[in-house]
Structures are given as C-alpha cells and as structure tokens.
Number of protein chains: 2
Amino acid sequence: MAHETQTLNERAQLLLKALVERYIADGQPVGSRALSKLSGLDLSPASIRNVMADLEDMGFIASPHTSAGRIPTARGYRFFVDTLLTVKPLDRLEINQLEGQLQIESTQKLVTSVSHVLSELTRFAGVVVTPRRSAGFRHIEFLKLSEKRLLLILVTADGDVQNRIILTEKSYSPSELIEASNILNQNYAGCSFEDIRRRVQAELKQLRENMTQLMTAALAAGDQAVSESAEDVVISGEVNLLGVNDLSSNMDKLRELFNLFEHRTTLLQLLDHSSRAQGVQIFIGGEAGLQPLDECSVVTAPYEVDGKVVGTVGVIGPTRMAYERVIPIVDVTAKLLSSALAQR
Amino acid sequence: MAHETQTLNERAQLLLKALVERYIADGQPVGSRALSKLSGLDLSPASIRNVMADLEDMGFIASPHTSAGRIPTARGYRFFVDTLLTVKPLDRLEINQLEGQLQIESTQKLVTSVSHVLSELTRFAGVVVTPRRSAGFRHIEFLKLSEKRLLLILVTADGDVQNRIILTEKSYSPSELIEASNILNQNYAGCSFEDIRRRVQAELKQLRENMTQLMTAALAAGDQAVSESAEDVVISGEVNLLGVNDLSSNMDKLRELFNLFEHRTTLLQLLDHSSRAQGVQIFIGGEAGLQPLDECSVVTAPYEVDGKVVGTVGVIGPTRMAYERVIPIVDVTAKLLSSALAQR
DNA sequence: CATTGGCGCTCCTCCCGGAAGAGTGCTGGC
DNA sequence: GCCAGCACTCTTCCGGGAGGAGCGCCAATG
C-alpha cells in the first residue's frame, strides 16, 4: 500500500505504457508473459513480474484477482495520459472530412452537428455545451397573438432567434407594438439589456405609461431569455455506449449513466470545469466526482469566440478508450467550432 | 398447429384472461396450478391443463420449454387487448395532475411535455408526432445578418416561430427588406404559400425586379419550412426501457431498439399508421413490421385540432405491459393535447 | 546485483453429473 | 366432463474435478 517511490524509472514507464496500450486494445488483463513480448525490452517474464509488483505497490495497476494479469487503475490511466501518451494529430484529410460534416446554417444546428460528429467519429457519446448567448439583441419584434398574449421575437447578437410569449395586463394595439419595437430597435440595438434598462429609465421618462410597461415586459423577457438559455448541453450518440462492452456488461451502472445524461445540470457542472483550463482536458473514472461515471472518461476541450471561452465540447466513453485518437478529435473539433462561430 | 376452433368458449376466455393478467403482473410463465387458484373457476389443475392445451393449439399461448408454464403469444395478447381487457378510466384527480404537468407556453414545449408526461406516467418511452405546421403565416420579417445573408423570421399561423437563413445573390438595403415584409404582411398574412405564389405573380407584375427575387426566396424558404418541419417525432424516457427486465436482458435487441429511436423517419411511418384510425390503437410485437419492436408494444392515439387529426401520441414499452393502465393514459393524454392546442 | 528459470500456489473458467422442483401429458376412474 | 395420480421432461442449482493462466518467491547465474 505504501506508495514508496513516486518517480518511475524509464523501464517501469515503458512497461506501464505497453500494459495500458495493450489493455486498451483488447480489454483483457495483461500478464507478464504478454508484456515481455510486447514491450520490446527483451526482458523475461520473471523480471517483468518484479516491475509489475512495484507498479502495483505504487497504485498504477491492479489485478482483478490472484492469478489474472494486471489492469490499469485510474491512477495508471492518469499517468498514462499525462506523460506516456503520444497522440498523433489528425491528418489534413480527416480534418477536412470532419469540417465537411458541420452544418453551419445556425448556431443551433452547428452545435448539434458538432455533437453528432464527435459521437460518430469516436463511437462514444458526444457532448457540446452551447455558448452563452451574448447579452445584447440585434432586433426585437412584438406580435399580437390574442388579446393579452404577445409574442416577443428576439434576434440575439449572435444571430439566434428566441421567442417568448408575454402575458400582458392590458391589450395593445398593433401600432403601439410597432412603436415600441421601433424605439427599441432604433435606439438600443446591440446594447445589453442591462444598459437598456438604465438608459430607458433615464432618457424616456416622458414615454406614455403603457409604453413603458411594454418595454419593461420586453426587457424582462429578454433578460430571462438570456439567462435561461445561458447554457445547455447537447448530447449525441448515447446509444453508442450501449455497444461498449465495458459498460454494457453491468446494466445497473449503465442505467445510472443514462440517467445522468438526462440530468443536464449535473453534466453541465462537470463540463464547465473544463472551460477554465485551456486545451484538452481529461477526467478519468470517478475523478469528476460522479459515481455514474466511474467506468468512464470524459475528454473535453473549450472553444472560444473572440479569444473568450464560450463553451465546451467533449466525448464521454469508457475509461478504456483509445485516448490517442479521441484526444485529437476533441481538440480539432473544438477548434473547428471556434472558427465556425467566428464567421458570424 | 391446426388452429381448429377460432371461437373460444367462455371458460377458455376467462382462463386466458387470468393467464395474461398474471403473466403481465410477474413475468413468470403461468402453470396450471397457479391458474386454478387465480381464475376463480374452481377447476382442478388437470382440467385447466386441458384448456391450456387447446389454447396452445390455437396459438394464444406457448410454453418456453417442456415443463414450464405458459406465456401469451402475440396472438394471445391481441385477443386479450381486443376482447378481454377491461380498462379502468383515469379518475378526475389523475387527469388533473396530468394536465397540470403540461407546459402550454408554446407548441414545441407542449409537445415535449406531453411526451415527457407519457414516459413519466408509464415508465416507458413516450412519443409524440408533432403537428404538421399549418401552411400559412401570420407574420414575416427579414433581417440582414451580413452582406448576402438574410435571416427570415416566420411566425406560422399556429404561433410557432421559424427562422431560416437565406443566401441572396445581391445585397438588399434595410428599407427594401422592410418594404418586402410589409407587402407580404399586409396583403398575404394568413394565406398559404401556395396561394401567395399565385397571387404575387398575378397581382404584382409591376414590382421591381429585385423585390420579386426577394419574395421568391421568402416563399421558397416558407415552403421549405412548412414541408421540412412537416412532421417530427419527439421521444422521451427511452432510458426507462433500460430498466425493463424483459428488454434489458438481451442487450442486442435493446441496442436495435435504441437505434430505431434514432431513426426518426422509420418511427414516423409506424406512428402515422395510427393517425388513420381513431381512438387508441395498439401494435403488439412485430405487428408493426419492425423487428426491433418484436418484444415491444406500441400504444397510440391520434390527437386533433378542429376535428382534424394532426398528430399522434403514444407509448412504447415491452409487450408485457399493463395495458389497462397505459391505454387510458394515452387516451387521455391525446385528448388533453387536443384541447390544449385548441386554445390557440 | 540485476536477471532469469523453475516451482508451487491461487484463482478463474469450463464442464459434468446429480438432486430438487416445477409443470406437463396421459390414463383410468367417477 | 372432471379430476387424482403418475411418469416424464426440462430447468435450475450446486459441488466437484480438470485445465489453464499468471503470480510470488527462491535460488542460481553472469
């Protein structure tokens, strides 16, 4: 149990690397014999067993039972991805293919397609945390649905269209509605609702009473639209995880996992963590602090607009995943998403 | 194998009913002994065995192996739901609770919440085929995003907001855009795009060239919006099916099933069938013609607006489901949805 | 002193066979 | 027509080898 030496000599590292790679490849505990052949070190199984015993003492590997080979622990995976892993970047062709599958028509579609592409490429679950809406609006429009129900259409600065139904106390005439939207559009387009609220109070004291009521409602709705839709997470390809043996063998875990997927807020917290760091980040097993994920790893990368992080993309799969492949995919996808968003 | 008598005498029916009910309740093959106690017929197991042999000959029940009890076949279920089943309608309280959970803010939310409620109540998967959009528009708006990209905002007659990006060949000035939308809104609000197209050609020959271009683009986009979003199917609570023993025991089937869920169009075809009939309809096992569903039943009911069927709600669960409970739930939900839609 | 072959040990998996239990089909009596 | 009884069939559930994989330890070796 004593994790004596925290530093691994080169041989131990090489063996650990070979072991993890092998285990990732075929999911069977790896024995000394197999390692002896794989490692390229020309060591006998007996010598390797010594090293393996050390690695086990240090908590990098473990054996499921007395006489099986060893499998990596979470700590082993951690060390592996941090210092042993050699990722090979995607080649130009793959990037182009990936890019070709993105649907750039709207932010919504873009996000969905990114999530989808991630799941398709990795055959795990793809997730994207949608960007927070920027706080301003580009255009606003009131539309009368019935006596006291107004439809507020709000085009946000990033070109997304939001709509909300407002219940009013009194009935407004079409011309009043047009007037209100004109005022807002002509004077305040591009400002944040925060600003508008302040300026409306200052500048438009002379506005007719009912008009300010309308404005207030609009601003409230706008605020709400911004804050409510602040962040959301889009998941694709959960089904893929049904086909992953490591996960589908214990049904109960699998159910927990899928329940987690329905619980957007929890997932959001986890993914938000990643947007603080920059570059690809990896959560292995329970590191994220969520039990349902203890057989899973989450590979994430933040994406940005104008140099500011606005969201996260990621892949959720079994801990035993081909990191050297998943990592560049997530990395590139985040970058492609960033640049796709920059073009609007 | 010869399905000799197609008519079942009363005793046989009673026994079949008891058998199916018992099997639905606990999922174990039902033996003659158990039936003898359940049926209330005061018959000995031996006599019951005779009847069971007949039922088996007629294809209503089958035994998994020589010495297990019997379980209903698809045909048995069919007969059960068609003529033996006694559904007890939901009481007022339950209906109110159900109604309280619907979100009536928008058609979209309404449909989602209906699907969700169905899955919550039945603990299976809830599906809703969204209504076809009515073909007219209530309001239309052009918004310039960049030089050659316009955002078309379209409020459909049923109050939903659609938006599409139009790529134009030339650049339009804001006033041109306003003019175009004014023309459309003032003259053609409420008409179908079909009509508009005809009338625009007839009445507005004198329009400036670039204006007609814009109109054409708008109409095309409108058409597309209507046809594209013609029908879609919303599923909730697929996760629930992971917890259903009958399904989760064979992983492969389960995966097929979940793949089916991702394949909206196939599902749509199935559900569309149901909108022809009126009232609750039930597809048992493979009756729907889809293998992934052969361990499932689908309970559907159409819903309507102004007396016209516009969509379908339904529940997908294991064949061994509590029909007497699911049927009224689906039935009532369809009616609630109809009346919720009528209020707009 | 690191490396290595050898040996004993543990534990898993697979397979077999017997016992128990459930439920049927059949038969002969009422 | 109903039913008690009986033989039969299958499934499920251990328990006990046999085989195999892989480890730990040890003593020999360069």
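Given the structure is predicted, the values throughout are model-derived calculations rather than measurements. Naming convention: chains lettered A, B, ... in sequence-line order (proteins, then strands); numbering from 1 in each chain.
Note on B:Ala68: only backbone sugar-phosphate atoms sit closer than 4.0 angstrom, heavy atoms only; bases stay farther off. Residue B:Thr66 is classed as a sugar-phosphate contact, given heavy-atom separations below 4.0 Å to backbone atoms only. Within 4.0 Å (heavy atoms only), A:Asn50 reaches at least one base atom of the nucleic acid. Within 4.0 Å of A:Ser47, counting heavy atoms only, lies at least one base atom of the nucleic acid.
For the residue pair A:Ser119 and A:Ser236, no side-chain donor N or O sits within less than 3.5 Å of a side-chain acceptor on the partner.
Protein atom CG of A:Asp54 is 14 Å distant from nucleotide atom P of D:dC23, rounded to whole Å. One can place CD of B:Gln28 at 10 Å from P of D:dT12, the figure rounded to the nearest angstrom. Between A:Met52 atom CE and D:dG22 atom P the separation is 9 Å, expressed in whole Å. Atom CG in A:Leu38 sits roughly 12 Å away from atom P in D:dG22 (whole-Å rounding). Rounded to an integer number of Å, the gap from A:His65 NE2 to D:dG24 P is 13 Å. Distance, A:Asp26 CG to D:dA21 P: 15 Å, rounded to whole Å. Distance, B:Ile48 CD1 to D:dG1 P: 17 Å, rounded to whole Å. When rounded to the nearest whole Å, the span between CZ of B:Arg49 and C1' of D:dC8 equals 12 Å.
Between A:Lys253 and A:Glu295, none of the side-chain N atoms (NZ, or NE/NH1/NH2) sits under 4.0 Å from a carboxylate O, so this pair counts as no salt bridge.
Look at B:Ser32 and you'll find a side-chain N or O under 4.0 angstrom from OP1 or OP2 of C:dT24. At C:dG25, one or more side-chain N or O atoms of B:Arg70 fall inside 4.0 Å of OP1 or OP2 (strictly under the cut-off). Phosphate contact (OP1/OP2 of C:dT3, side-chain N/O of A:Arg11, threshold under 4.0 Å): present.
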- Stepwise side-chain contact (heavy atoms from CB on, under 4.5 Å) check, A:Phe80 with A:Ile284: CA-CA 11 Å; A:Phe80 175 76; A:Ile284 291 165; over 6 Å; no
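The shortest side-chain heavy-atom distance between B:Arg33 and B:Lys37 falls under the 4.5 Å cut-off. In this structure, A:Leu241 and A:Phe124 have side chains that are in contact, with non-hydrogen atoms separated by less than 4.5 Å. At least one side-chain heavy atom of A:Gln13 sits under 4.5 Å from a side-chain heavy atom of A:Leu84. Residues A:Leu85 and A:Ile327 meet the side-chain proximity criterion, which asks for heavy atoms closer than 4.5 Å.
Between the side chain of A:Arg33 and the base of D:dG22, no donor-acceptor pair of N or O atoms lies under 3.5 Å.
Each of B:Ser44 and A:Pro29 lies near DNA chain D, and the nucleotide nearest B:Ser44 is the one positioned closer to the 5' end. Take the nearest nucleotide of DNA chain C for B:Ala46 and for B:Ser67: the residue whose nucleotide is more 5' is B:Ser67.
Ring orientation note: the planes of A:Phe258 and B:Phe258 are nearly perpendicular, at an angle over 60° on the 30°/60° scale.
Taking the screw axis at each terminus of the helix from C:dC1-D:dG30 to C:dC30-D:dG1 from five consecutive base pairs, the angle between the two is 20° to within rounding of 10 degrees.
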